[in-house]
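Notes to accompany the following structure.
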Number of protein chains: 2
Amino acid sequence: MLGVPEEILEPLSRSPVARDVAHRAGVSTATVSRVLNGSAGVRADKRAAVMRAAQDLGFVANGAARALSTRRFMAVGAVVPNIENEAFVRVLSSFQERLRQAGYTLVAANAGYDLEDELREATFLLERGVDGLMLVGDIHHPDLHARIARHGIPMVQTFSLSRERPCVGFDNAASAARAANYLVDLGHRRIGVISGLRKDNDRGGARVTGIAQALEARGLRLAPEHDIEISYGIGGGRDGFRQMLAGGPPPTAIICGTDQIAFGAMIEARARGLDVPGDLSVIGHNDSDFAPFLDPALTTIRIHSAEIGHAAGDHLIARMQGRPVVRLTQIDAELILRASTAPPRKPDGV
Amino acid sequence: MLGVPEEILEPLSRSPVARDVAHRAGVSTATVSRVLNGSAGVRADKRAAVMRAAQDLGFVANGAARALSTRRFMAVGAVVPNIENEAFVRVLSSFQERLRQAGYTLVAANAGYDLEDELREATFLLERGVDGLMLVGDIHHPDLHARIARHGIPMVQTFSLSRERPCVGFDNAASAARAANYLVDLGHRRIGVISGLRKDNDRGGARVTGIAQALEARGLRLAPEHDIEISYGIGGGRDGFRQMLAGGPPPTAIICGTDQIAFGAMIEARARGLDVPGDLSVIGHNDSDFAPFLDPALTTIRIHSAEIGHAAGDHLIARMQGRPVVRLTQIDAELILRASTAPPRKPDGV
DNA sequence: ACGGTTTCTGAAAGCGCTTTCAGATAGCCA
DNA sequence: TGGCTATCTGAAAGCGCTTTCAGAAACCGT
């Protein structure tokens, strides 16, 4: 009573091919193809017969044969540094949404912040025959662009802007600088940074640079002991803040590379009896779903991931279809003010 | 000085094919193929010549042609309910790891907890020619299995166990029941549940059922007003707990469908002046990365996502290679005890 | 140095689809 | 109804690779 055993359909000799449909409908494979695709100019009765036959047989065109014949695979690849990172997942998700609408499949790969690995994964996708490629950031293996070019497919890079390559992103330095300026405006003078690993990661690097420059422009500086680099995560945030406190006079405000890091830093601050935002203002990055629910709610730089994904998708689709595109799409990040930032308790003279 | 313009490689006539390599190496395409693949029995000098030529030309075999010829696509599909859900991402990630090692590509799709959409996405992957398919859960569109069978490819379902289909997962009901029993052992008598949407989601449903049965076995019951269904997320957890409090005497403990929900419920509890775990014990699901860092640290049911992904990958690879496999792999979830659970402050008589 | 093996190698036949090209049909006007 | 154009349709030629099959080359023992 639990339904037919699975094997009943299994040995179905071989899946039907276009010729089977053609036979059954009494037409040629050419007509079958015409009906199932472009469908231009096939007489109504034949069309119906083909549809019917295809239906009956449960015909599904063989993708490889089609790809070989049309020389288009209808798939695009994406290589992201970390598929478990919320921001990238959101981009992939919205990217896929667009692609799917246009009939493309997304094939995503994970490169783990390593240039060699990224090259390997991208090559793998290229071999598979993807029709386009999405990359993250502006730092890649020296061979990567040549390989992509050799395949003659379009690529777009996301998150960072670039003069040289088509891109969809924002100015990491500028938006981090905005956060820094906001803190300075509030009266903070000793401002720290806890970022994730910056090696081969232009986003992280640009953010710190942006902050340092903003501070300098205001006559302040990012002290080396307040510039901490950790591996991502809540635990990293705790460690990072602990480390920062070990290095001289504590900052009155910190900017963190992710909301997870900010969360960790806040936990550590509380454990040390520091009040947020009274003793320490905290700013995160990404506006993760939990950010508004922290105590206090986290001020953060919101990256419009969904829009980046959509724009990257639109860009690639347009190019694959030979339509004109703009090379650079800027989607600015936004500073979301919440309760984790406030003027320092006793304004520091410089 | 910024490097050569991008166009320099772009119009590279056409990417090299096996015949070009063959020419250059002075052999036939058959030999090229032999060298680049199975490589059995080709004289060393010819082999070297072919390698050399392939290298020089930057030859990359056309995947579609290869797939068409071998009738194997070297890709497997996965359809998950929500690609932004941590648990699924972790499974995909470890699943991909295994596949990648075996030379397969993972193509993942998002079905959004809707059976029709799942069918659509799976069909899409099937059309693409995937050699295997991973699904989540035990509830699917009635046509789905027939379609998969028609393609003659193996599939494996994850997270839920099944008598009828190959699967890798755990007994959702049993592990939730274990959590319930633990709470009862602590002395709790009024236990509530906040789960995500259960429609077309056997995992969620099984968990609640498991809890209800466990309570009944101990002479208790899951009161309808303590059985709340919400859409996932922290906000949902807050709403859910609020709703629960509105329905009569409050529970002294709750089990939540995810750690996010638990987080939300804890926030709401605190907002209402309830102490966790003094007034309310909370158990989550998944052991998300933030769980140990909540205040108090969250007791939760840890799902060994990485192991599920690995096992599912191994299973599929074995079947695609025609090796024997076990149909059912059980990877039990584990109750991780932390600080969010404790005996109720004043033990309730039943 | 020769026949018999054994090892290599290339020609050619697909894999299943799309698409061109020319022939077959249908449609139209006088 | 005949001739001409406009539509449809099928045969056949690929797409670029793998793989079979049979012939060529290399190797062996005597």
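Numbered from 1 within each chain, the chains take letters A, B, ... in sequence-line order.
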| task | Go through the steps for A:R163 and A:R327 under the test side chain to side chain contact (heavy atoms under 4.5 Å, CB included), then give the verdict. | result | CA-CA 9 Å; A:R163 289 222 152 280; A:R327 286 177 73 86; over 6 Å; no
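- For the pair A:L36 CG and C:dC17 P, the interatomic distance rounds to 9 Å; values are reported in whole Å.
- What you find for B:M51 and B:V35 is that their closest heavy atoms are SD-CG1, 3.8 Å.
- Aromatic ring pairs are classed by plane angle as parallel below 30°, tilted from 30° to 60° and perpendicular above 60°; the pair B:H140 and B:H145 is perpendicular.
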For nucleotides 9-13 of chain C, list the nitrogen or oxygen atoms of the protein found under 3.5 Å from its nitrogen or oxygen atoms, one pair per line.
from, atom 1, to, atom 2, distance (Å)
C:dT9, OP2, B:R43, N, 3.0
C:dG10, OP2, B:S28, N, 3.1
C:dG10, OP2, B:S28, OG, 3.3
C:dG10, OP2, B:T31, OG1, 2.7
C:dG10, N7, B:R34, NH2, 2.7
C:dG10, O6, B:R34, NH1, 3.3

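- Figure legend: A:R128 and A:F124 shown as a cation-pi pair, the cationic atom lying under 6.0 angstrom from the six-membered ring centre and within 45 degrees of its axis.
- Where B:R66 and A:A65 each meet DNA chain D at their nearest nucleotide, the meeting point lying more 5' is that of A:A65.
- Against DNA chain D, the stretch residues 51-62 of chain B makes heavy-atom approaches under 4.0 Å through B:F59, B:A61, B:N62.
- Taking each heavy atom of A:G132 and A:M320 in turn, the nearest pair found is N-SD, 4.0 Å.
- In this structure, CZ of A:R72 is placed 11 Å from P of C:dT18, rounded to the nearest angstrom.
- A straight line from CG of B:L68 to C1' of D:dT19 spans 13 Å, rounded to a whole angstrom.
- Summarising the geometry, the separation between CZ on B:R71 and P on D:dG16 is reported as 19 Å, rounded to the nearest angstrom.
- Axis angle across the helix from C:dA1-D:dT30 to C:dA30-D:dT1, with five pairs used at each end and values rounded to 10°: 30°.
- Not a single donor-acceptor pair under 3.5 Å links the side chain of B:T31 to the backbone N or O of B:V27.
- Rounded to whole Å, atom C1' of D:dT9 lies 16 Å from atom CG of A:N37.
- Checked by atom type, the side-chain pair B:R19/B:H23 shows no donor-acceptor distance below 3.5 Å.
- For the pair A:D131 CG and D:dC15 P, the computed distance is 18 Å after rounding to whole Å.
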| request: Walk me through it: do B:V107 and B:V76 pass the test side chain to side chain contact (heavy atoms under 4.5 Å, CB included)? | output: CA-CA 6 Å; B:V107 185; B:V76 335; over 6 Å; no
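- Note: B:Y104 and B:F73 fail the aromatic proximity criterion, with ring centroids not under 6.0 Å apart.
- As a whole-Å value, the separation of A:F73 CZ from D:dC15 C1' is 14 Å.
- The phosphate of C:dT18 (OP1 or OP2) has a side-chain N or O of A:S33 nearer than 4.0 angstrom.
- Although no hydrogens or angles enter the test, the distance criterion places a donor-acceptor pair under 3.5 Å between the side chain of B:T70 and the main chain of B:R66.
- Counting only heavy atoms from C-beta outward, the side chains of A:R120 and B:R100 approach each other to under 4.5 Å.
- Rounded to whole Å, atom P of C:dT18 lies 15 Å from atom CZ of A:R19.
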